[in-house]
Structures are given as structure tokens and as C-alpha cells.
Amino acid sequence: MEKTTVRTVVRGVGHNVPPRSVTNVELSKLMDTSDEWIIERTGIRERRFVEAGTTTTDLALPAIEMACQRAGIKPQDCDMIIGATLSPDFFFPGIGTVLQHKLGMGHVPALDIRAQCSGLIYGLATADAYIRSGMAKRILLVCSEVQSPILDKTNRGRDMAVLFGDGAGALVIESQPCAGEPPRANNQVRGVIDSIMGSDGSGAQLLFLKAPGSIVPGFMTQAAVDAGDIHPKMDGRVVFKNAVTRMVEAANAMLERNGISPSQLDLVLPHQANLRINEAVREKLGIAEDRVFNNIQKYGNTTAATIPICMSEAVEQGKLKEGHLVLTLAFGAGFTWGCNLIRW
Ligand code: COA
């Protein structure tokens, strides 16, 4: 029997952010910081925080609804769900199974990806592999973060607390038949063209949340709470340098192996950790300013959700259109990094 070739197409994307906006001025009442410092060092002007009690899967539901509506399907029409988050409802299980149940999806496979800020990159690459192997036909990829409750909103945690926000994004990713050539950078066939993923665990403790964890005697102790180990910690300067280096490296490798120049990219959707990181990456790659989508000013760093939120807003603003050649690009805790090249 002749083997049918399939390609992986993003059919719909949606996002959701909580209504409550928290300005830099508001944070400066809780810790020793200022609007000027945060804007100058990060580009962030405000971020969204959930109300107490809103979970990561609660926040994801409207994003999923939007993605499904744009794709013209129901969540129950998907045969797999992939979650990507560092802030799940429970330590275990992950958000994949919790969403499977909330959405009434039937007993489909559900898994979680723990690639932090690279969640979308790893999630899309994983979905693409499942689809091209024939193991799945339509996958719901959900990237959602409720990070505000784990931030140390005191002077001790000010380097981290001003950076992060809550948000969610979702993608409906579908198998479509491929009559001729598969999607490539030099043709107009829609779909995921290529993905690159990398990791370096020597950076695990340069950006991490220690407790609860098996490294803590007893998994979770009062001593861990007192030491602030229940809050994320980071060596900001080292992370900053690694982010720029790895994102540029990954993007250049992607351009080279697909035989394209930066000017052929219609849009770059980078992770939103720091506007200065994205500006340095853009300059090093030689990409025009209007080809890079940023929204960190409004939302801060929403970790796995940043790129899907950018995608969804870029679609709404008419900056991401069918036929565009798009590069996603991220670096995050782990360390993990990578990019996807997509004919949208
Ligand atoms: N407000 C005011 N001052 C602050 C502050 C805050 N919120 N946070 C830190 N500072 C202080 C520091 O204590 C330091 O003071 P010192 O010079 O007296 O020691 C000073 O500001 C400068 O710190 P530095 O770390 O050099 O600043 P920076 O320009 O590197 O900016 C980050 C700090 C965190 C914004 C930046 O390093 C960064 O964005 N890192 C990577 C973030 C990232 O990518 N995270 C997630 C990856 S997905």
C-alpha cells in the first residue's frame, strides 16, 4: 500500500489573559523598584495577574475556546492533548489530563511538556512528530501559566517578581494530506517546515524553583519555605547572555539548513523575557524591526504562553497571515531553547 504523506498545519490559535492589570508603580509599593528601572531594563510596563483561586487550566479554557472557534472544531474533535506549563494546577498530574476531563475530550492521550519558556517550541515539534508518524490527527496544544502566586513579591525576590505575568495560549494542530512536496521554505505549502530544539542542564540551577522537589530532604520542609525556595530564582546576567547566544545560534542554524536569508522571514515570534534580549537577537540576526512581534510591554513574561499569545495577537492585528513564513524562537529554564519554521 502506498504511504500517504501528511503535513502539520496550525488550524487555529487563541489566547486569554486575566483582566487584572498590575502596573510597575503598583509593584513598587510592594518592593524596592521603580517604573523607570523596570521599563529601562526589561521593556515591561504592566502584566496581568489572576484573582486568587484561578488555576492554570481555568485560565486556559477561554484560550482553547478561541483556538477551536477559529479552527471551526470542538475540543472533542482532537485526538490528543499536550500541555506546556511550569505552573500546573497540581504538582502532579499535569494540566493535560486535567484539561482532558474539563473539556470532556474522551480518553485521548494527554501529556505535559516541561520545557518552560520553550514550551511552545517543544510542544509544536512534538505535535508535528506525532502527526507525521500517523499517531495523531488533530492535537490541542495548550500553553498556560499562573505564575503570580509563586513570585516572591518582596525585596528579596524583586529581580524575578517584576518580570513575570499570567496568561494562556492554545493551538489546534492538524494533520492534512500532502499531495506534492511537503512544506518547505522555498514553496508555498502550508505547515510546519522544521523545528530545532536544544538543552543544557548545567544551567538547571541558574533559573529554577527548588521546592517542592526530591532535592529537598522530605520533598518540602519549613526550612525550604523560610529560605525562599518555594519561589523561582535566577542568575539574571548569566541567563540573559545564554538567551541571546542560544536564540541566535538556533535561528542561524534554522536559516542555514533551510537555505533562507533573514529577509525572507515575514514574521519572527520570539519568547518575551526581556525586550533587550529580543532587540539584541534581532540585531545579531539582521532582521528588520517591523518583522519581530513583541508584546512584553503589556504582559511581561508569561513563560510557555508568550509565543502563542503573540501568535494569536499577530493574527488579530493582521500581522500574521496565511502564506507567511514564520519563525518562533525561545530560550528558557532548563536551559532549553529552540525554534520552529512554519509556513502559516
Ligand atoms: N528593581 C530595581 N533594581 C533591581 C531590581 C528591581 N526589580 N532587580 C534587580 N535590581 C538591581 C540589582 O540588585 C542590581 O543591583 P546592584 O548593581 O547594586 O547589585 C542592579 O539592579 C542591576 O542588576 P543586573 O542584574 O545587572 O541588571 P540587568 O540589567 O541584568 O537586569 C534582569 C536584570 C533580571 C532584568 C536581566 O538580567 C534579565 O532580563 N535576565 C534574563 C531574564 C530572563 O531571560 N528570564 C527568563 C528566561 S526565559
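Atoms within each ligand, like the ligands themselves, are counted from 1 in listed order.
- Atom 18 (O) of ligand 1 lies below 4.0 Å from none of the non-hydrogen atoms of the protein.
- Comment: Glu174 does not engage Lys137 in a salt bridge, judged by the lack of any side-chain N to carboxylate O separation of less than 4.0 angstrom.
- Protein heavy atoms are found inside the 4.0 Å sphere centred on atom 24 (P) of ligand 1.
- Residue, atom and distance of the protein heavy atom nearest to atom 22 (C) of ligand 1 are Arg41 NH1, 3.5 Å.
- Shown here, atom 38 (C) of ligand 1 is in close reach of the protein: a heavy atom of it lies under 4.0 Å off.
- Protein heavy atom nearest atom 15 (O) of ligand 1, with residue, atom name and distance: Arg158 NH2, 4.5 Å.
- Near Gly236, meaning under 4.0 Å from any of its heavy atoms, are these atoms of ligand 1: 37 (O), 40 (N), 41 (C).
- Nearest protein heavy-atom neighbour of atom 33 (C) of ligand 1: Trp37 CH2, 4.0 Å.
- Counting only heavy atoms, the protein gets under 4.0 Å from atom 1 (N) of ligand 1.
- The ring pair (Phe, Tyr, Trp, His ring centres under 6.0 Å) analysis of residues 191-245, with sequence neighbours excluded, yields the pairs Phe91-Phe219.
- Within the 4.0 angstrom cut-off, atom 44 (O) of ligand 1 has one or more protein heavy-atom neighbours.
- Defined by atom type and a distance below 3.5 Å, a donor-acceptor pair is present between the side-chain atoms of Ser21 and Glu46.
- Looking only at heavy atoms of the protein, atom 48 (S) of ligand 1 is closest to Cys117 SG, 3.0 Å.
- The closest approach between Gln116 and ligand 1 stays at or above 4.0 Å for every heavy atom of the residue.
- Judged by the shortest distance from any of its heavy atoms, His271 lies inside the 4.0 Å radius around the atoms of ligand 1.
- By the side chain to side chain contact (heavy atoms under 4.5 Å, CB included) test, Val189 pairs with Arg7, Pro183, Asn187, sequence neighbours left out.
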